[in-house]
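The chains referred to below are lettered A, B, ... by the order of the sequence lines, with proteins before strands, and numbering in each begins at 1. Atoms considered below: every heavy atom in the structure, side chains included; atoms not considered: hydrogens, waters and symmetry mates. Note that the coordinates shown come from a computational prediction; the quantities given were computed from them, not determined experimentally.
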Amino acid sequence: MVRVDGSGGSNSLIGVRGLDKTYHRGGGEIRVLQGLNLDVDKSDFVAFMGPSGSGKTTLLNLLGGLDVPTRGNITVAGDEITHMSGHKLTEWRARHVGFVFQMYNLIPVLTAFQNVELPLLLTKLSKAQRRNHVETALGVVGLADRMSHYPRQLSGGQEQRVAIARAIVADPTFLLCDEPTGDLDRQSADEIMALIERLVREYGKTVLMVTHDPVVARRAGTTLHLEKGVLVESAEPERVAAGGRHEI
Amino acid sequence: MKFRRLIFANLFRKKIRLLLTIGSFAVALFLFSFLAVVRDAFSRGADIASADRLFVINRTSIINPIPLSYRDKMLRIPGVKMVTHDNWFGGVYQDEKNFFPQFVVDPENQRQVFPELIVSDEEWANFLKDRQGAIVGVRTAERFGWKIGDRIPLKATIWGAGNWEFNIDGFYHGKRPQDDETQFWMQWDFFQEHVPDALKGQVGWYIVRVDSPDDAVRVAKNIDAEFANSPFETKTETESAFAASWVKQFGNIRFLILSIGTVVFFTLLLVTGNTMAISVRERTAELAVFKAIGYSDRKVLFFVLAESLAIAIVGGLLGLLLAGLAIPVLANALNGMLPQLVLAPSVFALGFMTALAVGLASGLLPGLGAMRLQIVNALRRI
C-alpha cells in the first residue's frame with residue numbers, strides 16, 4: 001500500500017520522511033521537493049507523474065541513492081541511506097536497486113548477455129552461476145534467443161527489455177524506471193509495460209516509475225502526482241496530464 | 001579476470017583509433033630503444049671496464065706519445081702486475097668509409113692484460129711468428145669477409161705514407177656480448193721497423209694491470225708521481241674513467257640522447273593522454289550507468305587505467321620488437337662508425353617500464369575524471 005501523508009509504519013519497504021531537495025542556480029534557490037513523505041510496501045507498483053521540471057526524476061535519483069537530499073531521510077528495507085558514505089551507497093545500490101532508463105543505456109560494445117551480466121560481475125557468483133542468472137533474466141524478458149546480439153542489432157523495445165533484464169538479474173529490492181517507454185512506439189511501450197506488470201504480479205517486484213504518459217501511468221497500481229514539491233495521490237492520471245503544467 | 005572481456009570490448013570500440021595509438025607507442029618505443037642503445041654503446045666502455053686496469057696517457061693529450069722506456073719503470077712500482085702498450089694506427093682500408101680501429105699491440109702481454117678477448121693458442125702462435133701478422137675481431141672479419149691467410153693492405157695516414165700489408169693469422173672474439181670485436185691488431189716490432197726514426201720507441205698509451213682493484217687509485221697516483229716533472233708527464237686513470245673521458249670527446253651524448261628521449265616521452269604522453277581523454281568523454285553516460293548499477297569509483301578508474309596500460313603494453317612490446325629486429329640491421333648499415341649496438345635486456349626492461357609509466361600517466365587524469373563523475377549530471381547529458 002502506498003501512502004503520502006507520512007502515516008506509514010516501520011513495516012514499509014521504502015519510507016521517505018520530510019524530504020527536501022533544493023538546487024542552487026544562478027545565485028537563486030530552486031526548491032524542487034518540499035517536505036515530501038512517501039511509504040511504499042513490497043510489490044507495490046507506483047507511477048510518478050507531473051509536468052517537466054516538477055522533480056520526478058530528482059525524486060527517483062534520491063530514492064535510488066544517486067543523489068543526496070538537502071533534508072529528510074529515506075529508509076529502504078531498514079537501511080537509512082541518506083547518511084551513507086559514497087562507497088557504502090554504491091554497494092547499497094548494487095544490492096538493492098535495479099535501474100531502467102529512458103534511453104536504455106546499454107553498453108554498445110557488449111552483447112545482450114554481457115550487458116545483463118554486468119551487475120553480476122560485482123558479486124561472488126561463479127561463471128556458471130552468472131550464466132544461469134543471465135539466461136533466466138533474459139528468459140523472463142523474452143529474449144533468450146537474442147543473447148549474443150549487440151544493442152545495434154535489436155529494436156528499441158528489445159533494447160529496453162535487455163535493460164530490464166539487467167535491472168532484475170541481481171534480484172534487487174526494487175526497480176526504478178525513469179520514463180521506460182519514453183523512447184518507444186505505442187506497441188513496444190505496451191509490451192514493456194506488460195513486462196513490468198508481470199514482474200510485479202508474478203515475481204513480487206516493487207517498481208517505482210516516472211512517466212509523462214497517462215496511458216502508461218494507468219498500468220501502475222498507484223499513481224502519484226508531484227505538485228509544488230509534494231506528492232498527491234491521483235485517481236485519474238488523464239486528468240492530471242491534461243490539467244496543464246504545475247509550476248513549483 | 002572477469003572484467004577482461006569488458007576492458008577488451010572497450011579497447012576495440014574504435015579500431016582505427018586503437019591502431020593509431022598503438023602505432024604511436026610502437027614508433028616512440030622504437031625510437032626510445034634506439035636512443036638508449038646508442039647511449040649504451042657510447043657508455044659501454046666505462047660499463048665493461050675492468051676494475052684492475054689503468055690507462056696511462058701523456059698528460060698533455062692522448063695524441064702525444066710516451067717513451068717505451070717507461071714500461072720498466074712502471075713495472076717496478078708496487079702493486080703493478082703487468083704492463084702492455086698500444087699505438088693508434090689509423091690506417092684506411094680501401095676507402096675511408098671502411099673504418100675500424102687498428103692498434104699496434106705488444107704481443108708479449110696483450111692476451112694477459114685483456115683476457116676477455118679470446119684468441120686460440122694456435123692462431124696466437126702463428127701471429128707471434130709472423131712480423132706482418134694481424135689478429136682481427138670477428139665482427140670486422142665478417143664485415144669484410146676476411147679469412148685466415150688473407151693479405152690486407154692498410155694505407156698509412158699518421159705513420160708515413162703508402163700501404164702497409166698484413167697477413168691475417170687469426171681472429172679474436174669477446175667473452176661478453178658487449179665486448180668490442182671490431183679491432184685490428186698488428187705487431188709492435190713490425191710497426192717499429194716502418195715508422196720514421198723520430199717516432200721510434202714511443203707508445204701511444206700504456207695499459208697497466210694492478211694486483212688488486214683496491215690498489216688502483218694508489219698505483220695510479222704513484223705512476224703519475226714517478227713521471228712528474230719529466231718531459232713526458234703522465235695522466236693515469238682507471239679504465240672506466242678513461243673510457244668516459246674518451247666518450248666526452250664526442251660531445252655530451254648523454255644529454256643529447258636524454259633530451260630527445262624526454263621529448264619523445266612527453267609527446268607520447270600527450271598523444272595517449274588525449275586519446276584516453278576523448279575515449280572517456282565519449283563514454284560519460286556509460287560510465288555513469290556503471291556507477292549507478294554499483295560499480296565503485298575505484299573500479300571505474302581501474303577500467304580506464306587498464307585500457308591505457310593495455311595500449312601501452314601492446315604498443316611498447318611492438319616497438320621493442322621492432323627495435324630488436326631493426327637494430328642489428330642499422331648496426332650493419334652504420335659500418336662500425338658507432339660502437340656495437342646491442343639491445344641489452346636492461347634497455348628492453350627500461351623501454352617496457354617507460355611504456356608502462358606512459359600508459360599509467362596517460363590514463364590517470366581521464367581516469368580520475370571518470371572516477372569523480374557525478375552520476376546525476378552525467379545521466380542528464382544523455
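- Chain B is approached within less than 4.5 Å, heavy atom to heavy atom, by A/E117, A/L118, A/P119, A/L121, A/L122, A/T123 from residues 116-125 of chain A, ordered by number.
- Annotation for B/E282: atom CD counts as buried by contact number, over 12 foreign heavy atoms lying within 6.0 Å.
- For A/L66, the parts lying near chain B are the backbone and the side chain together; criterion is any non-hydrogen pair under 4.5 Å.
- The 12-atom threshold is not exceeded at CZ of B/F266, counting heavy atoms of other residues, nucleotides or ligands nearer than 6.0 Å.
- Heavy-atom pairs under 4.5 Å with chain B were tallied for A/D67, A/L106, A/V109; the largest tally goes to A/V109.
- If you tally non-hydrogen atom pairs under 4.5 Å between each of A/H87, A/R166, A/R95, A/Q114 and chain B, the highest count goes to A/Q114.
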Go through the steps to decide whether B/E286 and A/L110 satisfy the test side chain to side chain contact (heavy atoms under 4.5 Å, CB included), and finish with yes or no.
CA-CA 12 Å; B/E286 287 176 28; A/L110 300 180; over 6 Å; no

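- Within 6.0 Å of the NZ atom in B/K2, the count of heavy atoms belonging to other residues, nucleotides or ligands exceeds 12.
- The contact list for residues 291-304 of chain B toward chain A, using heavy atoms and a distance under 4.5 Å, reads B/K291, B/A292, B/I293, B/G294, B/Y295, B/S296, B/K299 by residue number.
- The distance from the CG atom of A/D178 to the CG atom of B/L379 is 9.0 Å, given to the nearest 0.5 Å.
- Rounded to the nearest 0.5 angstrom, A/N61 CG and B/I375 CD1 are separated by 9.0 Å.
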